[in-house]
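Take a look at the structure set out below.
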Amino acid sequence: MKSPHETADIPARYETLTVLRYMSPSEPMLMLPGEEDGYGTRWTLGGQQVQPAIAQYLMRGDFIVNTGRTEFGAHILTLTLAGHHLRDNGIRWWSGLSPYAKLKVILFG
């Protein structure tokens, strides 16, 4: 079985890194359970929807953890120590890419 930490397994690597960059104690990801309203579960960060594949990858890899609920019942998800390492490694990886390589990652994942 592959490790969830392998770069090739990260969904939409640029978008995932963007989500990790924006997450902070003052800006956690919110998980909105959707069973009661007829919609599926949704994840948001700063009012913008996070792709389900990215949120699920971060949850399965133990990069984010549920730290409580908002007054409206949304789950508050914050980075774990592994999540901080993933973000730091991702930022180093991104800064080491050439402009052409960055464009390929943005366009093709």
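Position 1 is the first residue of the sequence, and the numbers go up from there.
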Main-chain N/O of V65 paired to T80 side chain as donor or acceptor, under 3.5 Å: no
Any side-chain heavy-atom pair from R13 and L17 closer than 4.5 angstrom? no
Can you give me the closest heavy-atom contact between R69 and G73, atom names plus distance? NH1-O, 3.2 Å
L45: which of V19, L20, I54 passes side-chain contact (heavy atoms from CB on, under 4.5 Å): V19
Heavy-atom side-chain proximity of Y22 to T18 below 4.5 angstrom: yes
Among the clusters formed by ILVMFWY side chains lying less than 4.5 Å apart, do L107 and Y100 turn up in the same one? no
Answer yes or no: is there a side-chain heavy-atom contact under 4.5 Å between W43 and M59? yes
Looking at every non-hydrogen atom in both residues, tell me the closest pair between A53 and P11 and how far apart they are. O-CG, 3.7 Å
May I have the step-by-step check of side chain to side chain contact (heavy atoms under 4.5 Å, CB included) for W94 and R21, ending in yes or no? CA-CA 12 Å; W94 184 256; R21 281 180 165 170; 3.6 Å; yes
As an exercise, state the distance from CZ of R92 to CG of D88, rounded to the nearest 0.5 Å. 6.0 Å
Donor-acceptor under 3.5 Å (R87 side chain, L79 main chain): no
What's the spacing between Y57 OH and D9 CG if we round to 0.5 Å? 7.0 Å
Verify the neighbour count for atom NZ of K102: are there more than 12 heavy atoms of other residues, nucleotides or ligands below 6.0 Å? yes
So V50 and T44, do their side chains get closer than 4.5 Å, heavy atoms only? no
Rounded to the nearest 0.5 Å, what's the gap from CD1 on I64 to NE2 on H75? Could you check? 12.0 Å
Decide side chain to side chain contact (heavy atoms under 4.5 Å, CB included) for V105 and W93; before the verdict, give the C-alpha distance in whole Å, the side-chain angles of both, and the deciding distance to 0.1 Å. CA-CA 12 Å; V105 170; W93 165 77; 3.8 Å; yes
Would you find a donor on one side and an acceptor on the other, under 3.5 Å apart, between the side chain of Q49 and the backbone of R42? no
Given side chains that start at C-beta, do those of T78 and P25 come closer than 4.5 Å, heavy atoms only? no
According to a hydrophobic-cluster definition based on side-chain heavy atoms being under 4.5 Å apart (Ile, Leu, Val, Met, Phe, Trp, Tyr only), do I91 and L103 belong together? no
Between CD on residue E15 and CD1 on residue I106, distance to nearest 0.5 Å: 8.5 Å
Assigning hydrophobic clusters by single linkage (Ile, Leu, Val, Met, Phe, Trp, Tyr; side-chain heavy-atom cutoff under 4.5 Å), is L58 placed with L30? no
